[in-house]
Number of protein chains: 2
Amino acid sequence: MQQNLTRDDLRQRLTEGGLKATHQRIVVFESVMELHGHHPTAEDVYQRLKPANPSISLGTVYKTLDTFVETGLIKRALSEGGKRYDANTHTHNHIFCSKTKEIVDFEDAELEQLLKEFFSKRKLDNFEIKGVSVQLTGSKVEPDKQISITRVSK
Amino acid sequence: MQQNLTRDDLRQRLTEGGLKATHQRIVVFESVMELHGHHPTAEDVYQRLKPANPSISLGTVYKTLDTFVETGLIKRALSEGGKRYDANTHTHNHIFCSKTKEIVDFEDAELEQLLKEFFSKRKLDNFEIKGVSVQLTGSKVEPDKQISITRVSK
DNA sequence: GTGTCTGCAAATGTTTTGCACATTG
DNA sequence: CAATGTGCAAAACATTTGCAGACAC
């Protein structure tokens, strides 16, 4: 998990992707990383970076996030409703809390292995599988200690 | 799979859910069932029923679909982008085609069993699991023989 | 310097809301 | 007829677009 990239690492990844390393792209990327585990919307990312970067526009955040997805720097997260993004680009699973509407990462090597084996045997006709992920749904049972920063979509 | 409900069965299910069996609800439900496998948006459902029911408004379709989800008659399908609905309320898995943006159902009893066993052992702290589903991503390799009726979200 | 990127503001698209009227049970 | 549901049109919200000026390389 590439959690703590320096700005120079970041510049390099942008350049490798054929993108100019602009200030806006750097702070958008950093914000998505900081919001890791929150699967933020464009608006969330914008709110996060606005205090320190008041001149950046929401439109730019939208464009930048799309660009990052196209370049593979981040992924889109599945959700009910609005578009969400995920800084974690390696294979992992999500838990959806039906109570708080949070999307939480869930990693389990054993599960990964199990699925890998299963799908190495189980081929689908007319479909080439690129990725497998498991979505759990359920409810948190512990008191919520974490501030949910993402809007709840009804 | 409750594919071919009669209108009377439908009335009964609505009534059981505490809902009045209005004409609008009946045709919305029928449309969602007919669009089974397409995971339609509200707009898709509206377009489907409009020719035969020109007096029904899009707003009603939105409200009706939400009501159905609350009552458990249908589910929301995870997606990138707009809200989608799914007439198939029993546990099943989805395949996302990155090429056509289609969402296709995928059922496999063996996989179901494997996951059930896995999660009967693997308990999560502070989370009560209610459902498990697998999302595959990939691309169709066969020529597309099927008309996609749902809008592609970029 | 040149091609790409950004900010802005407008356009477009999607979903929700409020309320007078219609319909169901 | 009482309660609930619908249609309509406006409002709210979310996302995209076009273009002139700014910036990275």
Side-chain angles (χ1 to χ4, degrees), chain A residues 7-8 10-29 31 39-47 49-50 52-71 73 76-77 79-85 101 150-154, chain B residues 7-8 10-29 31 39-47 49-50 52-71 73 76-77 79-85 101 150-154:
Chain A
R7 293 216 162 176
D8 280 343
L10 203 44
R11 279 173 201 283
Q12 194 184 331
R13 294 198 58 188
L14 291 169
T15 306
E16 282 165 9
L19 302 175
K20 288 190 178 174
T22 64
H23 177 66
Q24 289 87 337
R25 286 183 174 152
I26 290 168
V27 298
V28 167
F29 198 99
S31 296
H39 309 84
T41 62
E43 181 72 33
D44 293 332
V45 172
Y46 179 60
Q47 292 304 332
L49 56 75
K50 194 161 63 165
N53 306 272
S55 68
I56 297 185
S57 76
L58 178 56
T60 296
V61 174
Y62 272 100
K63 287 177 199 167
T64 304
L65 290 170
D66 277 352
T67 305
F68 286 173
V69 172
E70 279 159 29
T71 316
L73 290 168
R76 270 199 245 277
S79 67
E80 299 177 349
K83 292 189 175 178
R84 286 167 181 281
Y85 298 87
K101 300 290 177 192
T150 52
R151 189 96 35 81
V152 169
S153 89
K154 183 187 154 203
Chain B
R7 294 218 161 175
D8 280 344
L10 203 44
R11 279 173 199 286
Q12 194 183 332
R13 293 197 60 188
L14 291 169
T15 304
E16 282 164 10
L19 301 176
K20 287 188 179 175
T22 64
H23 176 66
Q24 289 86 335
R25 285 182 176 153
I26 289 167
V27 298
V28 167
F29 198 98
S31 295
H39 309 86
T41 62
E43 181 71 33
D44 293 332
V45 173
Y46 179 60
Q47 293 303 333
L49 57 74
K50 194 161 64 165
N53 307 271
S55 68
I56 296 184
S57 76
L58 178 57
T60 297
V61 173
Y62 272 100
K63 287 176 198 166
T64 303
L65 290 170
D66 277 350
T67 306
F68 286 172
V69 171
E70 279 159 29
T71 316
L73 289 169
R76 269 198 245 277
S79 66
E80 299 177 348
K83 292 189 175 177
R84 287 167 179 280
Y85 298 87
K101 301 290 176 191
T150 52
R151 189 95 35 82
V152 169
S153 89
K154 184 191 155 199

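Keep in mind that the numbers below use all heavy atoms, side chains included, and drop hydrogens, waters and symmetry copies. Numbered from 1 within each chain, the chains take letters A, B, ... in sequence-line order. Predicted model, so just to flag it, every value in this text is computed and none were measured.
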### Task
Could you check how far NZ of A:K83 sits from C1' of C:dG13, rounded to whole Å?
11 Å
### Task
Select base, sugar-phosphate, or nothing to describe what A:S55 touches, counting heavy atoms under 4.0 Å on all strands.
sugar-phosphate
### Message
On the nucleotide D:dG7, are OP1 or OP2 found under 4.0 Å from the side-chain N or O atoms that B:T60 carries?
### Response
yes
### Message
Are the side chains of B:H39 and B:Y85 in contact, using a 4.5 Å heavy-atom criterion?
### Response
no
### Query
If you take all heavy atoms of B:I56 and B:Y46, which pair is closest and at what distance?
O-CE1, 3.2 Å
### Query
Taking atom C1' of D:dC13 as reference, at what distance in whole Å does atom OH of A:Y46 sit?
15 Å
### Message
Protein within reach of the bases, or only the backbone? For nucleotides 18-25 of chain D, mark each nucleotide 5' to 3' as B, S or -, using heavy atoms under 4.0 Å.
### Response
B-----BS
### Residue list, side chain to side chain contact (heavy atoms under 4.5 Å, CB included) with B:T64, at least two apart or on another chain
B:R25, B:V28, B:T60, B:F68
### Query
In whole angstroms, how far is the C1' atom of D:dA14 from the OH atom of A:Y85?
11 Å
### Message
So which atom in A:A21 and which in A:L14 form the shortest heavy-atom distance, rounded to 0.1 Å?
### Response
CA-CD1, 3.9 Å
### Task
Find the distance B:L58:CG to C:dT15:P and express it as a whole number of Å.
9 Å
### C:dT23 phosphate, OP1 or OP2, under 4.0 Å from B:Q24 side-chain N/O
no
### Message
Measure CD1/B:I56 against C1'/D:dC8 and give the value in whole Å, please.
### Response
14 Å
### Task
Take atom CD of B:E43 and atom P of D:dA14, then tell me their distance rounded to the nearest Å.
19 Å
### Message
Any heavy-atom pair between the side chains of A:K50 and A:V27 that's under 4.5 Å?
### Response
no
### Message
Between B:Y62 and C:dT15, is there a contact of a side-chain N or O with OP1 or OP2 at under 4.0 Å?
### Response
yes
#### Entry: B:I26 CD1 - D:dT4 C1' separation (whole Å)
15 Å
### Query
Do B:T67 and B:L73 have side chains that get closer than 4.5 Å, going by heavy atoms?
no
### Message
For B:G59 and B:G18, find the nucleotide of DNA chain D closest to each by heavy atoms; which residue's nucleotide sits nearer the 5' end?
### Response
B:G18
#### Entry: Min side-chain heavy-atom separation B:L65-B:K83 under 4.5 Å
no
### Query
Under 4.0 Å between a Lys/Arg side-chain N and an Asp/Glu carboxylate O for A:D66 and A:K63?
no
### Task
For residues B:L49 and B:S31, report the shortest heavy-atom separation together with the two atoms involved.
CB-OG, 3.4 Å
### Task
Have a look at the helix from C:dG1-D:dC25 to C:dG25-D:dC1 and give the angle its two end axes make, five pairs each, rounded to 10 degrees.
40°
#### Entry: Nearest-Å distance for atom pair CG/C1', residues B:D66 and D:dT4
17 Å
